[in-house]
Amino acid sequence: MFTWLHPYAKTERAYALCNTLLPYFLVTAIVGLVVGIIWGLLFAPSDYQQGDSFRIIYIHVPSAILSMSTYVAMAAAGFVGLVWQWKTAYMSMMAIAPVGAILTFISLFTGAAWGKPMWGTWWIWDARLTSQLILFFLYLGIMALYAAFSDKTQAGKSAAIMALVGVINIPIIHFSVEWWNTLHQGATITKFGQPSIASSMLWPLLISIAGFIGLIGTLTLMNLKNQILRREINRPWVTELLTTKEMNVNKEAN
Amino acid sequence: MNPRRKQRLITVSVIGGMVISAVSLMLFALNDNIDLFYTPTEIIQGKGETGVKPMIGQRLRIGGLVVEGSVERNQDTLAVEFELMDTGPKVTVSYTGILPDLFREGQGIVATGVLQANNLIVAEEVLAKHDEEYMPPELAEQLKGIQHVKPSEAGLNSAPSY
């Protein structure tokens, strides 16, 4: 079923695939972020309750939603690594981790900045905020665990197990606002049925989410390329790649 | 899929399944304690199936909607008293301090304080809770008949009328 994927277990093919995909993600990132954020911050109407303060939604919601998506992507890569034992899967897992950690941090930070003027507090230990904080710690834990082993296959295995165990936190974050009483609001767009946000505010939000996806893809692919090069530094194809690059640089210099 | 991969797949799935059931059981057992606040009904009639009522003198959080027309401000101090309700009985909250900008009648709020009598809470912190609806003021007026007022202006204009 997945045999078409097998060639990408080879680092050289994976590196080439990164190069092919990178421009698409980069363009989505630039267009999405510029259009989405400028539209959201300057041109979308202000909210009937929260006035202009609600505009932080254009950063907070994309980073919060996608911090969970990147976690699932990271765990899926870890799962593939565990079962099929591909080192490219472990490398992808570790390429996503720091991007996800920063997204989670952005969502917590913007959430605090939004909470102070609207709720009246920076932080409260309600189920949504606490489970999102746990997600942040999970990301950090996975990166720390991976860094703790000098044998990178062993490191990948341990980090993948931790990532998989942590997946249980994702539905908890998502449903925390339904299962328990929280200060955090319920879901506005990630629910079945009509989103409870006016379409003039929803469009810039969706575009901003697309931009964030592009940014995440770009950063992850660049990180993955670096990881591949660092791991395979002694392979002939890397040496060849680096020498041709060097030659080009020298040519330009001359 | 070769047998070794298959074995690894089964091992990983079994471990995953066990973790999921363990965490689900834990959360189910802790269910009542994860709630951030009591609703007014829960304070007066007891919580869920267990029917455990909070004791007088207990520190707790209450969350509910501010009852329309129940807000009474003291003209000389920052003291304010209002009633909260959800679907059942009302609980009175008394508070001294600055209320959040979003505080108004009909708004959901969460207050932390000490239960003084079975329907009176002396709060030391009042936080505003907003719902998941976002819309421009014109639309809100059309749909809900809500007059648009900036949160800060609402506080200033409505204070003398209480």
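Every value quoted in this text rests on a predicted model; they were computed, and no experiment measured them. Chain identifiers are assigned alphabetically (A, B, ...) following the order of the sequence lines, protein sequences preceding nucleic acid strands; residue numbering begins at 1 within each chain.
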- Message: Just to verify, what does A:Ile56 make a side-chain contact (heavy atoms from CB on, under 4.5 Å) with, not counting sequence neighbours?
- Response: A:Thr110, A:Ala113, A:Trp114
Atom of [X], atom of [Y] and distance for their closest heavy-atom approach:
X        : Y        : value
B:Arg8   : A:Val83  : NH2-O, 2.7 Å
A:Thr182 : B:Lys129 : O-NZ, 2.8 Å
A:Gly186 : B:Glu132 : O-CB, 3.4 Å
B:Asp35  : A:Trp179 : OD1-O, 4.4 Å
B:Pro137 : A:Asp47  : CD-C, 4.3 Å
B:Leu36  : A:Leu183 : CD2-N, 3.4 Å

- Note on the structure: Comparing A:Ala160, A:Ser199, A:Ser196 against chain B, the one with the most heavy-atom pairs below 4.5 Å turns out to be A:Ser196
- Item | Among the listed options A:Leu164, A:Leu82, A:Ile189, the residue most often paired with chain B at heavy-atom distances under 4.5 Å | A:Leu82
Could you grab the distance from atom [atom1] of [X] to atom [atom2] of [Y], nearest 0.5 Å is fine?
X        : Y        : atom1 : atom2 : answer
B:His130 : A:Met118 : NE2   : CE    : 7.5 Å
B:Ile34  : A:Trp125 : CD1   : CH2   : 14.0 Å
B:Leu139 : A:Ser200 : CG    : OG    : 7.5 Å
A:Trp180 : B:Leu27  : CH2   : CG    : 5.0 Å
B:Tyr134 : A:Ile57  : OH    : CD1   : 4.5 Å

- Contact residues of residues 131-154 of chain A (partner chain B; heavy-atom separation under 4.5 angstrom): none
- Message: Would you say that more than 12 heavy atoms from the other residues, nucleotides or ligands in this model lie under 6.0 Å from the CD of B:Glu124, or not?
- Response: yes
- Task: Mark yes when over 12 heavy atoms from residues, nucleotides or ligands other than B:Ile98 sit less than 6.0 Å from its CD1; otherwise mark no.
- Result: no
- Query: Does A:Asn181 reach the main-chain N or O of B:Phe37 with its side chain, forming a donor-acceptor pair under 3.5 Å?
  - Reply: yes
- Part of B:Pro136 lying under 4.5 Å from any heavy atom of chain A: both
- Query: Does the side chain of B:Val23 reach to within under 4.5 Å of the side chain of A:Ile172, using non-hydrogen atoms?
  - Reply: yes
- Task: Take B:Arg61 and A:Ile124, measure what side chain to side chain contact (heavy atoms under 4.5 Å, CB included) needs, and give me the verdict at the end.
- Result: CA-CA 12 Å; B:Arg61 282 208 189 88; A:Ile124 189 166; 3.8 Å; yes
- Evaluate the side chain to side chain donor-acceptor pair (under 3.5 Å) criterion for residues B:Gln107 and A:Gln49: first the C-alpha distance (whole Å), next the side-chain angles of each, then the deciding distance (0.1 Å), finally the verdict. CA-CA 10 Å; B:Gln107 182 76 35; A:Gln49 268 198 327; 2.9 Å; yes
- Query: Going through the checks in order, is the side chain to side chain contact (heavy atoms under 4.5 Å, CB included) test met by A:Phe79 and B:Val12?
  - Reply: CA-CA 8 Å; A:Phe79 180 78; B:Val12 170; 3.5 Å; yes
